[in-house]
Each structure stands twice: as C-alpha cells, then as structure tokens.
Amino acid sequence: MLTFDHKFYKENSLIVARALLGHYLCHETEEGLIAGVIVETEAYLAENDPACHASRGITKRNAVMFGPPGKAYVYFIYGKYFCFNVVTGNEGSGEAVLVRAVEPVFGQDLMSKNRFMDCEVLQLANGPGKLCSAFAINRSFNGHDLTSKPLFIAKNSNEHHRIKIKSTKRIGLSSHCEKKYRFIVSGSQYLSRRETGD
DNA sequence: GTTAAGATCTGCT
DNA sequence: GCAGATCTTAACG
C-alpha cells in the first residue's frame with residue numbers, strides 16, 4: 001500500500017477533499033486491519049469560512065490545524081462522538097478536510113465490534129461519528145501523521161479514474177453553509193445522506 | 001467558575 | 001420528520 005506524500009496534503013482543502021475520494025483509509029489495529037474507501041468529504045477553508053474551527057484563531061482544540069499538513073485532526077463532539085479530519089494547506093493556514101463516510105472493504109467484523117451495535121454494512125461508517133467509532137479513531141490520534149502506520153491513507157491505483165465526483169452543501173452547520181464544499185462519490189451506497197438531484 | 005452551543009446519532013412518532 | 005442524549009470546548013465574567 002502506497003501512501004500520499006506531504007506535498008499532496010499541502011494543496012488547499014478544496015483540492016484535497018476531492019482528491020481523497022476513492023482512496024483508502026486504513027487502520028492497523030492490534031486486532032487486525034480495518035480499511036475502507038473514502039466516499040464523502042467536506043472542505044473547511046482557511047479564508048472566509050466562519051464554519052471552520054480555525055476561523056477564530058488558534059485554540060487548544062484546533063492547534064493541530066495550524067501545524068504541518070498531512071496530520072490527523074480529531075475532536076470530540078456532542079458528548080459522544082469523534083470527528084476525523086486531515087490537515088491541509090501550508091503550515092499555519094488553519095484548514096482541514098473532514099472525512100464523513102467510507103465504504104468498508106476490510107475488517108467489517110472489527111468495525112461492527114467497535115460500533116457496539118448491530119447494523120448493516122451500509123451503515124457501519126456512513127457518517128463522521130460512525131466512521132471514527134468503526135475505525136477505533138479517538139483523541140489519541142490527534143496530530144498523528146497520516147503517511148505513517150498505524151493510521152494512514154493509501155492510494156487506490158485501480159478504480160480512482162472511474163469514480164464520478166459531485167459537490168453539495170455541507171451538512172450540520174447552522175450558518176454560512178451555502179457553499180458546496182461537500183464532495184461525494186456519485187452513486188455510492190455508503191454516503192451519510194442519500195444523494196439528491198441538485 | 002459558569003454557561004451556551006456544537007462539522008452527530010439513535011429511537012420514537 | 002423530530003427531539004433527546006451527553007460532555008467537551010471556548011467565550012465570558
């Protein structure tokens with residue numbers, strides 16, 4: 001499995017968000033490999049984006065976003081869930097890509113175990129909180145370099161050229177969510193929301 | 001020290 | 001389709 005180099009993550013979040021679709025998110029846990037194809041992402045921009053955690057300057061939580069690109073930004077939300085992001089852009093810019101859903105391809109049994117509940121394969125990792133739970137991603141991976149094990153993103157050299165990418169509005173934001181900064185693999189059955197006709 | 005809101009998920013109607 | 005759970009984070013005093 002080949003990972004992306006740091007130069008790849010240095011592009012701005014809009015570019016990286018699209019570029020990550022169709023590639024693999026992998027976690028080599030002690031119990032075995034967990035892997036899935038990234039099918040849904042959202043870009044959070046350094047400039048003019050009030051919804052971005054970094055928009056109000058550096059804090060203890062978002063510090064990793066201002067560090068070098070290619071690292072994981074993991075934060076806790078709603079008292080229960082984690083969200084997994086990839087830091088992008090130049091160091092100091094404060095931007096990231098939220099990975100919202102993956103299509104399970106390996107270690108579905110482990111994902112199911114990590115979710116602590118019975119659910120269809122279709123719903124194992126079709127949302128930011130679900131994905132982190134299934135992949136056993138927690139606070140300890142905040143700041144982890146995604147070009148190295150045990151948690152990494154690997155290139156898919158086969159299918160990538162076949163996917164069709166669509167952009168839509170971002171999910172779950174109370175304000176300033178009009179821009180189409182959410183990117184999905186069109187036709188995928190593993191999205192967090194059903195694909196609409198817009 | 002206190003408070004309000006949050007890049008969500010689940011279960012119930 | 002909608003409300004509740006649940007607790008960290010950040011802003012404010």
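Keep in mind the model is a prediction, meaning the values are calculated, not measured. A note on names: the letters A, B, ... follow the listed sequences, proteins ahead of strands, and every chain is numbered from 1. Only heavy atoms go into these numbers, but all of them, side chains included; no hydrogens, no water, no symmetry mates.
- Between R100(A) and the phosphate of dA7(B), there is no side-chain N or O to OP1/OP2 separation shorter than 4.0 Å.
- Comparing dG11(B), dA10(C), dA7(B) against the side chain of K60(A) picks out dA10(C) as the nearest.
- Of the side-chain N and O atoms in R193(A), none sit less than 4.0 angstrom from OP1 or OP2 of dT8(B).
- With hydrogens and angles disregarded, no donor-acceptor distance shorter than 3.5 Å links the side chain of T168(A) to the backbone of I184(A).
- For R56(A), taking side-chain heavy atoms from C-beta onward, the closest of the listed nucleotides dT8(B), dT9(C), dA11(C) is dA11(C).
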N/O-N/O pairs, protein side and nucleotides 2-6 of chain C side, under 3.5 Å:
from, atom 1, to, atom 2, distance (Å)
dT6(C), O2, Y78(A), O, 2.8

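- In a base pair of the Watson-Crick type (N1 to N3 plus N6-O4 or O6-N4) or a G-U wobble (N1-O2 and O6-N3), with each distance short of 3.5 Å, dT10(B) is matched with dA3(C).
- Both the sub-6.0 Å distance and the 45° axial angle are satisfied by R139(A) relative to the ring of F76(A).
- In this entry the distance linking CG of N85(A) with C1' of dT8(B) reads 14 Å, nearest Å.
- As rounded to whole Å, 13 Å separates atom C1' of dA7(B) from atom CG of L131(A).
- Relative to the side chain of K130(A), the nucleotides dT9(C), dC9(B), dA7(B) differ in distance, and dC9(B) lies closest.
- Aromatic pair F152(A)/H144(A): centroids not less than 6.0 angstrom apart.
- If you measure from atom CD1 of I77(A) to atom P of dC9(B), you get 11 Å, rounded to the nearest angstrom.
- Side-chain atoms of H6(A) and D145(A) form a donor-acceptor pair, as typed in the model, at a separation below 3.5 Å.
- In this structure, L173(A) places its CG atom 7 Å from P of dT8(B), rounding to the nearest Å.
- Listed nucleotides: dA7(B), dG11(B), dT8(C). Nearest to the side chain of F76(A): dT8(C).
- You'll find that the side chain of H53(A) is closest to dA7(B), out of dA10(C), dA7(B), dT10(B).
- Separating the CG atom of L98(A) from the C1' atom of dG6(B) is a distance of 13 Å, rounded to the nearest angstrom.
- Applying the side chain to side chain contact (heavy atoms under 4.5 Å, CB included) rule to A63(A) yields the partners I58(A); only residues at least two apart in sequence or on another chain are considered.
- Taking atom CG of residue N138(A) and atom C1' of nucleotide dT8(B), one finds them 17 Å apart after rounding to whole Å.
- When the C1' atom of dA5(B) is taken as reference, atom OH of Y75(A) falls 13 Å away, rounded to whole Å.
- Separation of the H27(A) and F141(A) ring centroids falls under the 6.0 Å cut-off.
- In this entry the distance linking CG of D118(A) with C1' of dT10(B) reads 15 Å, nearest Å.
- Using a cutoff of 4.0 Å between basic side-chain nitrogens and carboxylate oxygens, E28(A) and K149(A) are scored as salt-bridged.
- Between R115(A) and the phosphate of dC9(B), there is no side-chain N or O to OP1/OP2 separation shorter than 4.0 Å.
- Taking the ring axis of Y75(A) as reference, the NZ or CZ atom of R61(A) stays within 45° of it and closer than 6.0 Å to the ring centre.
- In this structure, R139(A) reaches the sugar-phosphate backbone alone: every heavy-atom distance under 4.0 Å involves primed, P, OP1 or OP2 atoms, never a base.
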